[in-house]
Amino acid sequence: MKIEVERIEIRRPTYRYLGFVTVRAGDGRRYRLPMTGTVAQWLDEGGEYELSLSREAEVGFDDYALRKGVTIWPLFAREYRLERTSPLSGTALYSYRILAREARYERDYEAIVELEQYHYASDEELLALWHCEACDLYEEANARPRCPRCGASMRFHDLKSATRASRFLILELVEREPYEPQYVGYVRVDPPIPAMNRRLPDGTIELDIRRRVFPREWFAHPFAPREGEGSGEWWELQGEALKGARSPVARLARVVVHPDYRVDGLGQLAIRALVDWMRDRWVPDMRLEKEALETIAMMARYNPFMEKAGFVYLWDTGSGRPVLYLPLSDRARAAIEDFLARDPVAKGHEGRLYRPRFAPVEPLSRPIRLRKLFKSYSNELTLGDLSEPVRRALEAFGVRERLIQRYVIKNGEIEVPPGKVTAIVGASGSGKTTLLRIIWGLLTGSDDPLYLPDSGEWELPDNARVQLLIPGEAEPGFGGEPVIEALYRICGDEALAIEILNYAGISDAVLYRARYRELSTGQKERAKIAWALAHRPNLILIDEFGAHLDPATARRVARRMSQLAREKRITLVLVTHRREILDALEPDAVYMVGYGTLFRADELPDRGFRVKEPYATYIVEGKKRWEVRRYPTGVRGRVGVVSGGKVIGTVEILGNKGPFSVEELREHPDRHLADERFLREYAKGEKLYVWELGEARKFHEPVEFEPQRGQRTWVRLRRKARRPEREGDRGNTEGEES
């Protein structure tokens, strides 16, 4: 039905989330519609709108829809899915379900204040105003305070940096773990600034630059309230300015994403949701269809986020701040392209502001190959330095002085190709750290026995620039200076230092200036990675990668490290035991270290044979040394063990024995692990042969292979091909700081 707005009711303290609009229908019926004051204040008293009701009595927030050209109420809400894929194969690793909706509730604004602190607040900066309803008192704080007069809990009023014209779109995680936040970001949109000048490279100022590019009427009716004497007058003046403000251009004033999620593409998703919101609702004023989005962002000099989201750099303001535009219509796009083509200064930068600093490194000149590797440790246990009571207690358990010797790596073999990701897995204490020490020691020419093998053969590149990270042993020394200062001292370029922090997963400007001791455990781990990257190595060795990160953060950091290594040609050797990290890394090779053994755990032999369970598992675990068959085999050497359509490990076939009767096989149950009933049913009265097995290896995870028709016992093993890398999967690792 057609209605006319008669009255708009807004209380200053709660206008962000509560207001009322009284409307009159043509038949004289009146309705009092509840809505947020941020929407109600833009409506025109006396203006005509379209109203549809789901109920007529006591109309609630969710009982009606209001339109005038576009939908005004209910508020915009749309769900998005963001899929994160492997940089190598393009396969999906994990995804986000995000609900983007206009802020409506008081708790939404509390979350906005909390997110805002991640970027701009310090101990001296208070971002929000809060109101005591009982005392009519306003207080500044970053978290809900209690009234200093009556002690009551105060209510949110507004962000100090916002105006009445500001509107907010929040991002919520629809599917999340208990430890993940509900709110992961927000976007603030405002009318364009009233006037804009341009600073030219020679320092001269060009007035009113936008009118040289866009139609003059686009900025003819700005939101430009006069300065008031006090907060009350300022409030009224803003209300007056709202009445006539309109423009087909809006301004992106903030895009803020939780630091733990910013490097995973949620910032660009926030821009996508903002564009949908603008096209759907013509925000903030709801009076004119939007044709362009304007933003003024100094950080755009140091971060490509805006340009990756589609913004085009046009000029610097009179105060030297970069201005970028995102065209939303063909008319805006044509105007921008024309300006870039004819303006002498714009021709030089071609619409680009950010220039990447982190160029690909020179890769290792050849693979690292270690063969016939032996490393043992000796430890002499004595009781001489113990107190008498402790010594007697240990002696009661039979503990005596002794020399303990054991092999950590025995006849091991590993190859690390240039520019690839190699993962090392194994149980705690199995020798993973020892392997990293040996690689580092050989490449750096160390003479410390701790970092050298006892014996072996090796081929090494002659251009290795290696960084080693071992917790508690080989760690960066940040000292007491801010993290970004430490990186700047290494690389000598502040923009490169920021870029490196973004790569490592620290994209929060507040954390840039934090000291190492002020970071959380997970942030410290990422700072160490940044420190290693700042040295521009072509080989990074990291022990217990991601050990202190929660599963979701570990996946994000691992995916970015995998992408970074392959883009910048850095060779990575990472020790980890976590499944989610291996999935996100998608390493080119996985090596197993296990109390003396070192071998490639995911390399497939040319052929394999099918075995039923539980015998297949018994074989790869080294428990079953005889495989009973009706015929001998001529195959020798290492073969795969296939179970359930996957290769679960390998074993060496050493030879044949037999033929044996069932009675003879009964004498060796410890070797074949089969009971008499099975043997008789399988033999069917015939004699059986034994394949002798040795050197069993169980894969960390079963490996899929391409099946071929007609293969029963023996199969050719060809690893399933990874899906080719898709266009657009590369070149997107820079951080997204807002």
Cationic N near anionic O, under 4.0 Å, Arg254 to Asp190: no

Arg97/Glu175 salt bridge by N-O under 4.0 Å criterion: yes

Test: Arg281 and Glu102 ion pair at under 4.0 Å: no

Arg355 atom CZ, neighbour heavy-atom count above 12 within 6.0 Å: yes

Presence of salt bridge, Asp136 and Arg12, under 4.0 angstrom: no

Charged N-O contact under 4.0 Å between Asp158 and Arg16: yes

Pair Ser166-Arg188, side-chain donor/acceptor within less than 3.5 Å: yes

Lys/Arg cation over aromatic Tyr105: Arg107, 6.0 Å, 45° cone: yes

Neighbour count above 12 (heavy atom, 6.0 Å) for Tyr488 OH: no

Neighbour count >12 (heavy atoms, 6.0 Å) for atom CZ, Arg176: yes

Tyr96 OH: over 12 foreign heavy atoms closer than 6.0 Å: yes

Residues Thr553 and Arg556: side-chain donor-acceptor under 3.5 angstrom: yes

Side chain to side chain contact (heavy atoms under 4.5 Å, CB included) partner of Val184, chosen from Leu115, Ile170, Asp264, Leu266: Leu266

Aromatic ring proximity, centroids under 6.0 angstrom, Tyr49 and Trp73: no

Lys528/Asp543 salt bridge by N-O under 4.0 Å criterion: no

Sub-6.0 Å ring centroid separation between Tyr109 and Trp130: no

Aromatic ring pairing Phe223/Trp42, orientation class (parallel under 30°, perpendicular over 60°, tilted between): tilted

Working for side chain to side chain contact (heavy atoms under 4.5 Å, CB included), residues Tyr94 and Asp583: CA-CA 10 Å; Tyr94 53 94; Asp583 289 341; over 6 Å; no

Donor on one side chain, acceptor on other, Glu180 and Tyr261, under 3.5 Å: yes

Passing candidate, side-chain hydrogen bond (donor to acceptor under 3.5 Å, both in side chains) with Asp108, options Tyr183, Tyr17, Tyr186: Tyr183

Flag side-chain contact, heavy atom, 4.5 Å: Glu116 against Val256: yes

Verdict with reasoning, Leu314 to Val323, per side chain to side chain contact (heavy atoms under 4.5 Å, CB included): CA-CA 6 Å; Leu314 293 189; Val323 181; 5.6 Å; no

